[in-house]
Each structure stands twice: as structure tokens, then as C-alpha cells.
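Letters go in sequence order (proteins before strands), and every chain restarts at 1.
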Number of protein chains: 2
Amino acid sequence: MSQIFFGAPPRPSAPAGANVSERAQLPPSLAISTVIFALKPDPLANGAPTLWLPLVRRIKEPFRGQWALPGGPLTAEESLEDAARRNLLETTGLAPAYLEQLYAFGGLNRSSRPERGSQRVVSIVYWALVRATEAQLSVGGEGGDENVAWHRADTAGAGEGGLAFDHREIVDYALWRVRTKIEYAQIAYHFLGPTFTLAQLREVYEAVLGRSLDPANFRRQLKSAPQIEATDEFLEGGRHRPPRLYRYTGPLDATPGGPGPGSTQS
Amino acid sequence: MSQIFFGAPPRPSAPAGANVSERAQLPPSLAISTVIFALKPDPLANGAPTLWLPLVRRIKEPFRGQWALPGGPLTAEESLEDAARRNLLETTGLAPAYLEQLYAFGGLNRSSRPERGSQRVVSIVYWALVRATEAQLSVGGEGGDENVAWHRADTAGAGEGGLAFDHREIVDYALWRVRTKIEYAQIAYHFLGPTFTLAQLREVYEAVLGRSLDPANFRRQLKSAPQIEATDEFLEGGRHRPPRLYRYTGPLDATPGGPGPGSTQS
DNA sequence: AAAATAGTGTCTGTAAGACAATATTGT
DNA sequence: ACAATATTGTCTTACAGACACTATTTT
């Protein structure tokens with residue numbers, strides 16, 4: 001919550017060229033990065049699911065050895081979103097169902113260790129949601145690349161000198177975005193399979209929002225939504241009364257290709 | 001907390017997909033554009049205020065002679081927001097109190113008249129709010145540049161072959177953004193001076209939202225907000241009972257310079 | 001039977017919208 | 001006095017949140 005002024009807005013008072021360091025005068029280059037969220041059971045949270053994301057260990061300076069968001073340069077013949085998808089697939093093997101632009105980061109001091117003569121990079125960052133099942137298959141398993149690993153979204157990099165570049169700030173912003181967006185848009189279903197129990201759906205909301213929700217009120221709200229459809233099936237194998245399985249039949253807010261970021265519910 | 005589930009705001013339809021032509025293999029270049037909104041009395045709307053924005057007539061191909069958003073290239077030594085501010089000042093003389101990143105547009109077919117060998121451009125678009133008083137002084141007056149002029153935001157370019165590039169789509173998205181954001185963030189005050197009557201504030205909401213609001217209920221809602229403070233003054237000179245002037249004392253959701261949870265609910 | 005989770009019913013406080021009623025000014 | 005706007009009050013409805021209560025399964 002940045003809150004500000006009324007009469008006199010604080011402005012970054014730097015007219016162009018005011019404080020010119022000697023840096024390459026090359027035009028800024030463009031890169032794409034992606035914050036990929038999945039819900040995974042967290043041993044530290046008593047087995048309750050929390051938000052995780054895959055990170056890539058840097059093998060070059062700057063920030064060599066530290067963890068960074070997957071990403072890469074934008075090539076000449078692909079759209080921003082295609083570039084995000086391609087980088088995602090190449091570095092993590094994931095093909096998310098939900099992908100949306102997050103923000104364009106272009107500050108002058110994005111690398112807190114600016115290298116002499118290094119070119120300035122503007123990063124257009126996307127965020128994505130994947131199911132835990134997909135997440136398991138692609139990264140971190142036996143055959144996985146040890147330079148790609150899942151981390152808890154809220155604590156990644158802590159105790160290891162932080163994440164590379166300004167990626168901690170980016171992840172925090174993406175967390176804020178998924179938490180606020182889940183309250184008004186249909187994105188929770190991207191974490192789940194085609195059918196689910198109301199308890200599972202509630203678990204998604206609780207994990208993302210970070211607070212517990214009243215099961216009775218949660219159920220009542222969903223029942224008032226015509227897009228939630230009860231199936232004839234029940235989830236067997238539990239330790240107690242088997243819960244009914246539901247299906248989401250509404251529009252899935254899939255991958256807002258461009259400006260209407262997202263979610264619409266017709 | 002408000003309703004969790006359904007009820008997302010309507011969004012503009014998604015943009016068209018890409019259509020690759022053979023184009024130069026140069027890396028995409030970066031540009032900044034800005035959608036600047038001001039409320040101006042509209043003769044076509046019976047004198048009621050509507051949203052207007054300054055546009056620049058293109059003097060070069062492509063789209064020569066058509067109207068476009070003010071903007072320009074990003075130089076090596078300025079942040080994205082600084083570049084938006086600078087371009088704004090140079091082309092329109094405006095220094096907006098509110099400035100926020102809108103979206104990064106990077107589709108392959110952004111110029112619907114792709115020139116052979118032209119370099120692909122990724123535009124990072126900002127949107128801004130200015131007061132009508134500022135707006136009057138800088139553009140379109142006697143000494144104004146005739147290649148810069150105010151247009152109604154919702155109809156600009158209609159009947160003139162449309163706006164240049166994909167700028168109509170961009171303006172529509174910016175319109176959607178200001179209309180949805182005014183409902184939960186304190187941005188209306190950026191259209192007004194330090195004091196205002198409740199009728200003036202209501203007029204702002206009505207103009208942006210495009211519907212009329214009940215004066216009594218509007219007043220009651222604002223009175224429940226501690227950030228609205230009554231002054232001892234009244235607006236004299238009206239034709240009837242003089243209304244009291246109020247002041248907004250709360251945080252002004254201004255210029256989320258970076259990504260941070262820059263805007264908040266109230 | 002007990003435990004545990006699934007699922008229903010009810011009450012309360014808050015807030016929005018419709019709209020009647022009163023207040024205060026200029027003409 | 002009258003017109004026009006400002007300002008207050010009242011009623012209704014919707015809904016979120018708290019929470020008691022019932023239902024159905026496993027152990």
C-alpha cells in the first residue's frame with residue numbers, strides 16, 4: 001500500500017540526463033521473465049499447501065550461484081506472451097494453462113551490482129499458474145536439472161543472500177497480484193483438476209489468501225454461483241464421509257492474451 | 001473482505017492474435033506512450049464533462065496525418081516512468097499528478113500497415129490523470145500546436161480512419177482501467193482541485209462511470225469515509241443554495257512508481 | 001459408539017439503492 | 001412565493017460473517 005499526498009505529489013525529480021553515470025549508451029534490451037505459481041504441500045506448514053515457484057540457478061555473473069526467475073531475451077519474431085511460453089518450456093518444461101502479463105520493470109538500478117559497461121535490461125514479466133501434478137512431473141524429480149528447483153514463494157532466497165537482481169521484489173508483486181485477483185476472478189480452478197471437492201477448492205483459497213475461511217459460508221457463496229456444478233460422484237477413500245465432487249463450468253479466464261488482463265466472467 | 005467469487009468487472013475483448021510477416025530480424029525496439037485523461041465539458045453531451053485525451057498528429061509514415069498517442073523512444077539513462085513523464089512534457093506540456101503503467105504491447109502485428117523491413121516496436125504504455133485547469137493551459141489554446149489536440153476518449157479517430165497503430169485498442173483498455181479503478185481507489189481527486197463540492201466530486205464519478213449516481217447515497221457513502229473533511233467554506237456564486245466545500249485528506253493512491261501493491265482499496 | 005468431516009439453517013451487522021422529506025439559497 | 005439545489009432521514013434488500021445444528025461416513 002503505497003500511499004501518498006494530496007497537494008504536492010512526490011516525483012522522481014530526475015530530468016533526463018541529470019545524473020548520468022557512465023554506462024553503455026546502447027538502447028535498453030528487452031527480456032521476458034515469468035513467475036510460475038503452483039500449490040504444493042509444505043512440510044513447514046504442517047503439510048498444508050502453500051505457494052511455490054520454480055527458480056533457476058544463475059551460472060554466470062552477475063549473481064552467479066543465486067536463484068533467479070526463469071526468463072530470457074525476446075526474439076524478433078515472437079509476441080511477448082509467446083516468448084514467455086517458450087522460455088517457460090525451455091527452462092522448466094512447464095506449459096501453464098494461465099499466463100498473464102504482470103509488469104514491465106525498467107528501473108536504472110535493477111541489478112544492484114551494476115557491471116561496468118553492461119547493457120541495461122528492461123524485463124517484461126509474466127505470471128502463470130500451474131497444477132501441482134504438472135509441477136511434479138517437470139522439475140525437481142530424479143531426472144531433474146539440479147539448477148532448476150521449486151522454492152516457497154514468500155521465502156525464496158532468504159538466507160542465501162536473496163534472489164538475483166530485483167527478483168524478490170518481482171515475486172512479491174506477483175504474490176500480491178495472485179492474492180488480490182483470486183478474490184474477484186476465476187483463477188483458483190487453474191490449480192485444480194477438472195473435478196474437485198469444495199474442501200479442496202477452499203484449501204486453494206486459504207493457501208493463496210493465507211487465512212482460513214468458514215466452510216459453511218464458503219459453500220453457500222459457491223452455491224449461489226451457477227458456474228459451480230455438482231457431479232454425481234464422490235471422492236472415495238477419505239477417512240470419513242465422502243464429499244461430493246464438483247465441476248467448474250464457467251469461462252476459465254484462460255490466458256488473457258493481451259490487454260484485457262484477464263479474467264472476465266462474461 | 002468482499003465477495004470472493006463471481007462478479008469480476010467486464011473487460012474489453014481480447015486483442016487479435018499475431019500474424020507473422022517477414023520482417024527485419026533486428027531486436028525489438030522499445031517505446032513509451034501515454035494515455036492522458038482529463039475531464040472536459042462536452043458540448044455534445046449537453047455540457048456535461050466527459051473524458052478527453054491529447055493526441056498527436058503523425059507527420060511521418062506509417063499512419064501519416066492520423067492521430068496517435070504521445071510517446072517516443074526510451075533512452076538509455078531514464079527509467080520507464082521518467083521517460084513517460086519526459087515525453088508527456090515535451091509533446092503536450094503536461095506534468096500529471098497521477099501516472100501509472102498500463103501495459104506492455106508487443107504483438108507482431110501492431111502496425112496494421114506493416115512496412116517492409118521496419119523494425120518491430122514494443123510499447124510500454126502509461127496512463128495519467130490531469131486536472132482540466134492544467135489541461136487548458138498547455139494544449140489547444142491560441143498559441144497551441146495544431147498537431148496536438150484534445151479528443152473525446154471514446155470516439156477519437158472515428159470517422160478519420162481510426163487512430164494510428166493499435167492505439168484505439170490501447171485507449172479502450174485505458175478507459176476500462178480508469179473506470180474500474182475509480183470504483184476502488186482514490187483517483188477521482190486527481191481530476192479536482194484541493195477543495196470541491198460533493199456535487200463536483202459526484203460529477204467526476206458520473207463522467208468516468210458513464211451513469212448517474214444518487215446524490216443522497218453518494219453523500220452518505222462519502223460521509224462514512226473519514227478521509228473526506230468538510231471545510232468552513234461554501235462555493236458562492238451559484239444560482240441556488242451554496243454547497244459546502246470539502247477536502248480530501250487521505251492517501252492519494254498516487255503514482256505507483258513501481259509495481260508495489262501500489263494501489264489499494266481505500 | 002465415537003470421531004471426523006460434509007453439509008444445512010439461522011441470526012446479525014453492514015452497506016447499497018430507492019426515494020421521501022426538509023433546508024437554504026437566488027430570482 | 002417559487003425554483004433549484006443541498007442535505008437529511010427512512011425503508012428495503014443483499015450479503016458477508018459467526019455459529020449452532022444435522023447428516024453420513026470410517027474406525
Exercise. B:Glu236 CD to C:dG26 C1': how many Å, rounded?
Worked result: 11 Å

Exercise. Considering only D:dG17, C:dG7, D:dA3, which nucleotide approaches the side chain of A:Phe234 most closely?
Worked result: C:dG7

Exercise. What nucleotide, of D:dT7, C:dA18, C:dG7, holds the atom closest to the side chain of B:Asn217?
Worked result: C:dA18

For this session: Give one of base, sugar-phosphate or nothing for A:Ala199, where a contact means two heavy atoms less than 4.0 Å apart.
Result: sugar-phosphate

Problem set entry | Out of D:dT7, D:dA3, D:dT25, whichever nucleotide has its closest atom nearest the side chain of A:Pro242 | D:dT25

Problem set entry | Proximal nucleotide (of D:dT7, C:dT5, C:dT8) relative to the A:His240 side chain | C:dT5

For this session: Check every atom of C:dA3, D:dG17, C:dA6 against the side chain of A:Gln221 and return the nucleotide holding the closest atom.
Result: D:dG17

Exercise. Can you tell me if the side-chain N/O atoms of A:Lys223 get under 4.0 Å from OP1 or OP2 in C:dT8?
Worked result: yes

Problem set entry | Atom pair distance, as rounded to whole Å: CZ in A:Phe218 and P in C:dG9 | 19 Å

For this session: May I ask you to decide if the ring planes of A:Tyr205 and A:Phe218 are parallel, tilted or perpendicular, using 30° and 60° as cut-offs?
Result: perpendicular

Exercise. NA contact type, B:Arg220, heavy-atom cut-off 4.0 Å: base, sugar-phosphate, or nothing?
Worked result: base

For this session: Using a 4.0 Å heavy-atom cut-off across all strands, classify B:Arg239 as base, sugar-phosphate, or nothing.
Result: sugar-phosphate

For this session: Identify which nucleotide among C:dT25, C:dA3, C:dG7 has an atom closest to any side-chain atom of A:Arg219, counting heavy atoms from C-beta outward.
Result: C:dG7

Problem set entry | side chain to side chain contact (heavy atoms under 4.5 Å, CB included) partner of B:Phe191, the single match among B:Val208, B:Leu201, B:Val130 | B:Val208

For this session: Answer yes or no: is there a side-chain heavy-atom contact under 4.5 Å between B:Leu129 and B:Pro96?
Result: no

For this session: Could you check how far CG of A:Leu235 sits from P of D:dT26, rounded to whole Å?
Result: 12 Å

Problem set entry | Closest nucleotide among D:dA6, D:dC19, D:dA23 to the A:Asp214 side chain | D:dC19

Problem set entry | For A:Arg247, all residues meeting salt bridge (Lys or Arg N to Asp or Glu O under 4.0 Å), sequence neighbours excluded | A:Glu229

